[in-house]
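Here the structure comes first, spelled out in structure tokens, and everything after it is commentary.
In this chain, numbering begins with 1 at the start of the sequence shown. What's counted below: heavy atoms across the whole structure, side chains too, no hydrogens, waters or symmetry copies.
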Amino acid sequence: MAISVAGGVRPGKVIEIEHRLYQQLIVGKQKSSSMFDELDAELENDANKLAIEREAVLERLTKQIEAKDIFDRVSKQLIDTVSCAVDHRLASADSVIKSAGINESQLLMLELLQSNNLDINRLRPLIANESWLVRDLLNIVNSSSFRHRRPQGSDVKVTDIKLVLNFIGIENIKLLVPYFCLRNWLPSGHANLLWTTRKLWRYSMVSAIAAQALAKLHEKDGVFVYTCTLLSQLGPSVVLKNSALLFEETWGVWLREASNSRDKELYDAVLATEFPSQRVYELVIEHGDRLNWQLLEQLNFSDSAMGAVMAELDNNLSYKELSENASIVARANCYAKVVLLEEMRELSVQEKRIMFDYYELSEQEIIRLKAQNYRKLDII
């Protein structure tokens, strides 16, 4: 007779499946379609060129025993140097916050948006102070697909944030601001992490859509669980961003020094050294969930409802111990892991059953979740 794993202390098999998802996101070689249709086409070209160049150099080096020996030693030293720098960075919450692009003002926005009686006059200056958020909201209102929603005769480009918020509407703002916050926290502009970022964004969107659907089914606060679900990817995003920054900084310095030394073998060894994705995956597993609540704590939001959910998800040993809101976030993340692993053909039918059993996803919930469109967040 099969023994149920429902809700108790998380079994090793569940942990292994969940880690497998992050292994595929960070280390896996699968490519993903663009996060944003209008962005990162040039970065994709750079990423492909860099991969081809490294592959060609590495293939040449492997044919020369001495050169391969130099590559192995130089590559190991470079990766060890980067790993130590990342470990040092992650040990300091202040350093992490500075490089992560998250601040107290952004968290205050997220908290204000959960209010039933939202004070738009308090929210507006907070939005205005985040230039990237103003840009993203302006792009929506001035897009051709949105203009038909504006009053007749308003084809003029909108630049006033007050008008932007009026056109978009409060209910959409409650979903768009967390959406753009996570997008801003993700590592962008890094050729070494292009595919990982796209896959992590896809996972985040599937989780967020699933959380909305579960909240609606159970008549819970959809905006809150949606925001918490997106926040649950803050820690992994921060680890990835810091790793990419430090790798590219160190790699660039070593490459310039090798070039100046006119040592072709040393230059090739540095050039062929790939981003240490396996080590970064290990750092995400080690630090990701903890940073979700520690960063909020460092920014004076440990007493917030969001901070409480993030701490629950990291510190509670079993699913049954979670509050209703935290359990919805956990179930949404579970469903997203299953969806992505199935897409990658990295999950068996039995493993899917184990995941749904542990997180106690009911038949009604699974039917509701299967009916969602996970290719597009239905905001506007």
Side-chain angles (χ1 to χ4, degrees), residues 12-36 40-41 43-56 58-59 75 79 82-83 86 182-183 185-210 229-230 232-248 251 272-289 291 332-352 354-355 374-375:
K13 186 60 181 177
V14 170
I15 294 171
E16 187 272 314
I17 294 168
E18 294 184 330
H19 287 185
R20 188 189 308 163
L21 185 276
Y22 279 104
Q23 176 92 23
Q24 291 301 319
L25 295 183
I26 299 168
V27 185
K29 298 299 183 182
Q30 304 97 331
K31 294 184 178 181
S32 178
S33 56
S34 179
M35 276 170 59
F36 327 119
D40 71 20
L43 187 65
E44 182 173 335
N45 192 39
D46 290 343
N48 288 327
K49 281 182 181 176
L50 186 60
I52 292 168
E53 190 173 6
R54 278 179 171 154
E55 211 171 291
L58 190 56
E59 186 178 351
S75 184
I79 289 171
V82 172
S83 297
V86 176
L182 178 63
R183 203 168 85 165
W185 298 330
L186 284 168
S188 60
H190 303 287
N192 289 294
L193 275 180
L194 175 67
W195 308 114
T196 292
T197 299
R198 288 181 178 180
K199 287 184 284 186
L200 184 57
W201 178 251
R202 165 96 174 116
Y203 169 56
S204 301
M205 288 300 98
V206 174
S207 296
I209 292 166
T229 304
L230 291 176
S232 70
Q233 298 312 312
L234 171 62
S237 299
V238 164
V239 174
L240 287 166
K241 181 178 279 190
N242 278 277
S243 299
L245 286 168
L246 291 167
F247 174 78
E248 288 171 10
W251 184 77
T273 300
E274 287 189 283
F275 180 73
S277 54
Q278 178 62 35
R279 175 59 182 143
V280 172
Y281 153 73
E282 292 164 4
L283 289 170
V284 166
I285 297 301
E286 182 181 352
H287 297 283
D289 288 343
L291 283 171
N333 283 337
C334 161
Y335 191 79
K337 289 181 175 81
V338 167
V339 168
L340 265 71
L341 285 171
E342 282 191 318
E343 287 178 353
M344 298 170 182
R345 298 184 180 180
E346 292 287 342
L347 191 75
S348 70
V349 173
Q350 184 183 13
E351 288 172 332
K352 177 178 179 178
I354 288 171
M355 290 290 284
Y374 293 103
R375 289 292 168 187

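A distance of 10.5 Å separates CD of Gln278 from CG of Leu283, quoted to the nearest 0.5 Å. Taking NZ of Lys199 as the reference point, atom CE of Met344 lies at 5.5 Å (rounded to 0.5 Å). Rounding to the nearest 0.5 angstrom, the gap separating the CZ atom in Arg198 from the CG atom in Leu193 is 12.5 Å. To the nearest 0.5 Å, atom CG of residue Leu200 and atom CD1 of residue Ile26 are 7.5 Å apart. Note that NZ of Lys13 and CD of Gln350 are 7.5 Å apart. Values are rounded to the nearest 0.5 Å. Going from atom CH2 of Trp251 over to atom OG1 of Thr273 covers 9.0 Å, rounded to the nearest 0.5 Å.
Checked against side chain to side chain donor-acceptor pair (under 3.5 Å), Glu248 has the following partners two or more places apart in sequence or in another chain: His190, Asn192. With sequence neighbours left out, the salt bridge (Lys or Arg N to Asp or Glu O under 4.0 Å) criterion links Glu282 to Arg279. Judged as a side chain to side chain donor-acceptor pair (under 3.5 Å), and not counting sequence neighbours, Ser83 has no contacts. When the side chain to side chain donor-acceptor pair (under 3.5 Å) test is applied to Gln24, the partners found at least two apart in sequence or on another chain are Gln30. Applying the salt bridge (Lys or Arg N to Asp or Glu O under 4.0 Å) test to Glu286 and every residue at least two apart in sequence or in another chain returns nothing. Evaluation of the side chain to side chain donor-acceptor pair (under 3.5 Å) rule for Glu346 yields no partner, not counting sequence neighbours.
Contact of the Arg375 side chain with the Met205 side chain is not registered, since no non-hydrogen atoms from C-beta on lie closer than 4.5 Å.
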Donor-acceptor pairs under 3.5 Å, side chain of residues 335-342 to any protein atom, not counting sequence neighbours: which ones?
| from | atom 1 | to | atom 2 | distance (Å) |
| --- | --- | --- | --- | --- |
| Lys337 | NZ | Tyr203 | OH | 2.9 |
| Glu342 | OE2 | Lys352 | NZ | 3.2 |

Return all side-chain donor-acceptor pairs below 3.5 angstrom for residues 237-246, not counting sequence neighbours, or 'none' if the list is empty.
| from | atom 1 | to | atom 2 | distance (Å) |
| --- | --- | --- | --- | --- |
| Ser237 | OG | Gln233 | O | 2.7 |
| Lys241 | NZ | Ala100 | O | 3.2 |
| Lys241 | NZ | Asn184 | O | 3.2 |
| Lys241 | NZ | Trp185 | O | 3.4 |
| Asn242 | OD1 | Arg89 | NH1 | 2.7 |
| Asn242 | OD1 | Ser99 | OG | 2.5 |
| Asn242 | ND2 | Ser99 | OG | 3.3 |
| Asn242 | ND2 | Val238 | O | 2.9 |
| Ser243 | OG | Val239 | O | 2.7 |

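Of all non-hydrogen atoms in Pro236 and Val284, the two that sit nearest each other are CB-CG1, 3.9 Å. For Ser232 against Asn333, the heavy-atom pair with the smallest separation is OG-ND2, 3.3 Å. Across Pro276 and Ile79, no two heavy atoms sit closer than the pair CB-CG2, 3.7 Å. Nearest approach of Tyr374 to Arg202, heavy atoms of both residues: O-NH1, 2.7 Å.
With hydrogens and angles ignored, the 3.5 Å screen pairs no side-chain donor or acceptor of Arg183 with any backbone N or O of Trp201. In this structure, the side chain of Ser204 does not engage the main chain of Leu230 through any donor-acceptor pair within 3.5 Å.
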